[in-house]
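Below are the structure tokens for one structure; questions will follow.
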Number of protein chains: 2
Amino acid sequence: MRIAFDAMGGDHAPQAVIDGVLQAAKTWPDTEFVLLGTEESVRPVLEATGMDNVSIHPVTEWIEAAEEPVRAVRRKKDSSLVVGCQMVKEGAADAFISAGNTGALMAAGLLITGRIQGIDRPALAPVFPTVTGKGMLVLDVGANPDAKAEHLKQYALMGSIFAEKVLEYDTPRVGLLNIGTEEGKGTSLTKEAYRMIQELPVHFSGNVEARDVLNGVCDVLVCDGFSGNILLKNTEGVAKTFFDRLKQEFTRTFINKLAAAVLKPGLKRFASSMDYKEHGGAPLLGLVRPVIKAHGSSDARAVFNAVRQARLFVDRGVIKRISEELERG
Amino acid sequence: MRIAFDAMGGDHAPQAVIDGVLQAAKTWPDTEFVLLGTEESVRPVLEATGMDNVSIHPVTEWIEAAEEPVRAVRRKKDSSLVVGCQMVKEGAADAFISAGNTGALMAAGLLITGRIQGIDRPALAPVFPTVTGKGMLVLDVGANPDAKAEHLKQYALMGSIFAEKVLEYDTPRVGLLNIGTEEGKGTSLTKEAYRMIQELPVHFSGNVEARDVLNGVCDVLVCDGFSGNILLKNTEGVAKTFFDRLKQEFTRTFINKLAAAVLKPGLKRFASSMDYKEHGGAPLLGLVRPVIKAHGSSDARAVFNAVRQARLFVDRGVIKRISEELERG
């Protein structure tokens, strides 16, 4: 198996990507790793370590986090992100992982790698942390803000297959994000999607309210890209507010610092259980090849976990299984 | 001024409603308070206290929290919630406050009290807590899940007026909930709404991302009822998860309990700053008369704060001002 990496993408690139890849290369000596980056930034680090199953595919450009996605993808043909999507399409790599510009990766995935026949819109599908520790696949969180019911139906099918094969959940419970749990609640979009998902060969557990997401009431949560993005960013925002305020209180006085020292280990365990890094990256489900978006602030550990995910994504034939189900349906 | 109350609505009714009303009746002796409830449940409590400016309007039924809203409103003509909406419509009361079934209050507001001319859909507009302590009016959070751009434009106008007159914000900053801050982001709905809000006589500060809501980046946040409901319930859910987990850690061992005792006062201040009860209820903006939804779990303090809000809502002529702006536009 051959996995390609965008060495130039993410807040801590290229160092975090290289560190994560080297760690993965040691763990899986049967896997080849290809780093896409400029000679200057990648070569020196690699030469110092010299591992057999890690190589470089040099590029001359990269896409910045703030660039307008579609324009950047069209113009920067030799950027790490565009070349990665091209490589995976041509079979020069079995999977591509990038922690770079999310919009650009979605655009390049769609325009260059291409969609599975029968899928109208790919979905960005991160794993949300849950209090159960198990996590919940949420799709879509922004690849397709103006979703139609047919798209939500496709997300339910793809999400269920990915959750079973890669996240290794037995009979994943599929929920539909809604503003009430009863059937018939919500918008015309959710009402129509509800009916469509009911007819799929998935374990549909009905509507799920936003207040129950962290409790892990389902394993796969289906939603339009606009609501999913609101859910993702609001969860991040509230969690950050909370931890910031906790830190303030913990350091406000000397006696507070002492008290905080006692409580810290337990709270650290909680914080780490709420950490996306444990759950790998977010696949772009619906593309003909495995493309994974790692979080922008990925560290080496997050990159390593994305590799683990990519290996299962490839090995377990997720895309083939999605195609088969689409043909059957 | 005369304020009517649904004494039968809310998790702690009728006791919490009566307690809150009695407290308000002492604070504002110039205001008349009318409790809508069954004789058995309201009379004994009132007789014990005997205040001049509190009276009873007896009803024979009430709507339960779990009842199907529209059906309940149509059938239970003598319920506290329906009679309240009727009284405020006829001018027998200047404002109506209920902590009961949210859907039923929205239905009764629309079907019985009625809309302001020029407003297509009323919006439910709670005040979200923010870290600044100031709070942010969010509308709509569920009265109208399938919103159109024209509705969002109306919310912006109504929200800005309410925030200025009742929440007493100088030149309220109006934001549009979106999945990116740049103009041109989002769905066809948010793009169209963006253009329309730009032309209103409000201080429009552009798109706001869900991760910035608690930071108080604007004073009035406009969104469709589906996304607003997701935002509201997710914020509640994440906050609850955190406080639950904190409580667990604080009581896990004896030494943890000691350490927690030191930190508790500061964290209590934080928890109370994040508490909706401080900010009163959620007006149903767009009705011809002031109708306010108090939180289902309202205690006496929340009821008291809803009264303060209702008084300003009436005194400052919010509805007249909305009508004038609509005629002008």
Side-chain angles (χ1 to χ4, degrees), chain A residues 68 103 130-131 141-142 145-147 177-180 182 185-190 209-215 223-246 248-250 252-253 255-256 258-263 266-267 269-270 273-274, chain B residues 68 103 130-131 141-142 145-147 177-180 182 185-190 209-215 223-246 248-250 252-253 255-256 258-263 266-267 269-270 273-274:
Chain A
E68 199 287 310
T130 58
V131 291
V141 301
D146 267 312
L177 182 65
N178 211 332
I179 61 175
E182 308 89 335
K185 277 279 174 178
T187 59
S188 49
L189 174 70
T190 60
E209 285 199 277
R211 70 158 63 88
D212 297 320
V213 169
L214 289 191
N215 296 332
C223 52
D224 67 274
F226 189 83
S227 312
N229 195 275
I230 300 289
L231 194 71
L232 176 75
K233 290 185 182 156
N234 188 58
T235 302
E236 285 178 357
V238 178
K240 185 174 182 308
T241 300
F242 191 89
F243 282 120
D244 284 355
R245 184 60 190 254
L246 218 53
Q248 255 178 45
E249 280 306 322
F250 279 15
R252 210 162 44 86
T253 64
I255 183 128
N256 276 19
L258 288 182
V262 173
L263 297 164
L267 291 172
R269 274 194 303 276
F270 172 48
S273 78
M274 287 285 119
Chain B
E68 199 288 309
T130 58
V131 290
V141 301
D146 267 311
L177 182 65
N178 211 331
I179 61 174
E182 309 88 335
K185 277 278 173 179
T187 59
S188 50
L189 175 70
T190 59
E209 285 198 278
R211 71 158 63 88
D212 297 320
V213 169
L214 290 190
N215 296 332
C223 51
D224 68 275
F226 188 84
S227 312
N229 196 276
I230 300 288
L231 194 72
L232 176 74
K233 289 185 183 156
N234 189 58
T235 302
E236 285 178 357
V238 178
K240 185 174 183 306
T241 300
F242 274 98
F243 284 118
D244 284 356
R245 184 60 190 256
L246 216 53
Q248 255 179 44
E249 280 306 320
F250 279 15
R252 211 163 43 88
T253 64
I255 182 126
N256 276 18
L258 289 181
V262 173
L263 297 165
L267 291 172
R269 275 193 303 275
F270 172 50
S273 76
M274 287 285 119

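The structure displayed is predicted, hence computed values, not measured ones. Letters A, B, ... mirror the listed sequences (proteins, then strands); counts begin at 1.
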key: Option in B:Asp244, B:Ile255, B:Asn234, B:Asn178 with maximal non-hydrogen atom pairs under 4.5 Å from chain A   = B:Asn234
message = Quick one: does any side-chain atom of A:Lys233 pair with a main-chain N or O of B:Ile179 as donor and acceptor, under 3.5 Å?
response =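 Yes, A:Lys233 side chain to B:Ile179 backbone: donor-acceptor pair under 3.5 Å.
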ask   = Which one of A:Leu232, A:Leu258, A:Leu267, A:Asn215 has the most heavy-atom pairs closer than 4.5 Å to chain B?
value =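 Between A:Leu232, A:Leu258, A:Leu267, A:Asn215, the count favours A:Leu267.
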message = So which atom in B:Phe226 and which in A:Asp224 form the shortest heavy-atom distance, rounded to 0.1 Å?
response = CE2-OD1, 4.2 Å
note = Exactly one of B:Thr235, B:Thr241, B:Val238 clears side-chain contact (heavy atoms from CB on, under 4.5 Å) with A:Thr235, and that residue is B:Val238
ask   = For A:Thr253, is it the side chain, the backbone, both or neither that has a heavy atom under 4.5 Å from a heavy atom of chain B?
value = neither
task = Measure the shortest side-chain to side-chain distance between A:Leu246 and B:Phe270 over non-hydrogen atoms and say whether it is less than 4.5 angstrom.
result =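 A:Leu246 does not reach B:Phe270 side chain to side chain.
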ask   = Hey, which of B:Val213, B:Leu189, B:Leu177 has the most heavy atom pairs under 4.5 Å with chain A?
value =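 Of the candidates given, the most pairs with chain A belong to B:Leu177.
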key: Nearest-0.5 Å distance, CG of residue B:Asn229 to CZ of residue A:Arg211   = 8.0 Å
For B:Ala259 against A:Val262, the heavy-atom pair lying closest together = CB-CB, 3.8 Å
ask   = Are B:Phe242 and A:Phe243 near enough that their ring centres are under 6.0 Å apart?
value =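 Centroid separation for B:Phe242 and A:Phe243: below 6.0 Å.
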inquiry  = Would you compute the distance between atom CG of B:Leu231 and atom CG of A:Leu231 and round it to the nearest 0.5 angstrom?
reply    = 9.5 Å
ask   = Rounded to the nearest 0.5 Å, what separation is found between the CG atom of B:Leu263 and the CG atom of A:Leu263?
value = 6.0 Å
ask   = Is there a donor-acceptor pair closer than 3.5 Å between any side-chain N or O of A:Asp146 and the backbone N or O of B:Ser188?
value =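 Answer holds: yes.
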ask   = In Å and rounded to the nearest 0.5 Å, what is the NZ to CG distance from B:Lys240 to A:Asp212?
value =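 Atom-to-atom, B:Lys240:NZ and A:Asp212:CG are 9.5 Å apart.
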note = If you tally heavy-atom pairs under 4.5 Å between each of A:Glu236, A:Glu209, A:Gln248 and chain B, the highest tally belongs to A:Glu209
inquiry  = Quick check on A:Glu249 against chain B: is it the side chain, the backbone, both or neither that has a heavy atom closer than 4.5 Å?
reply    = both
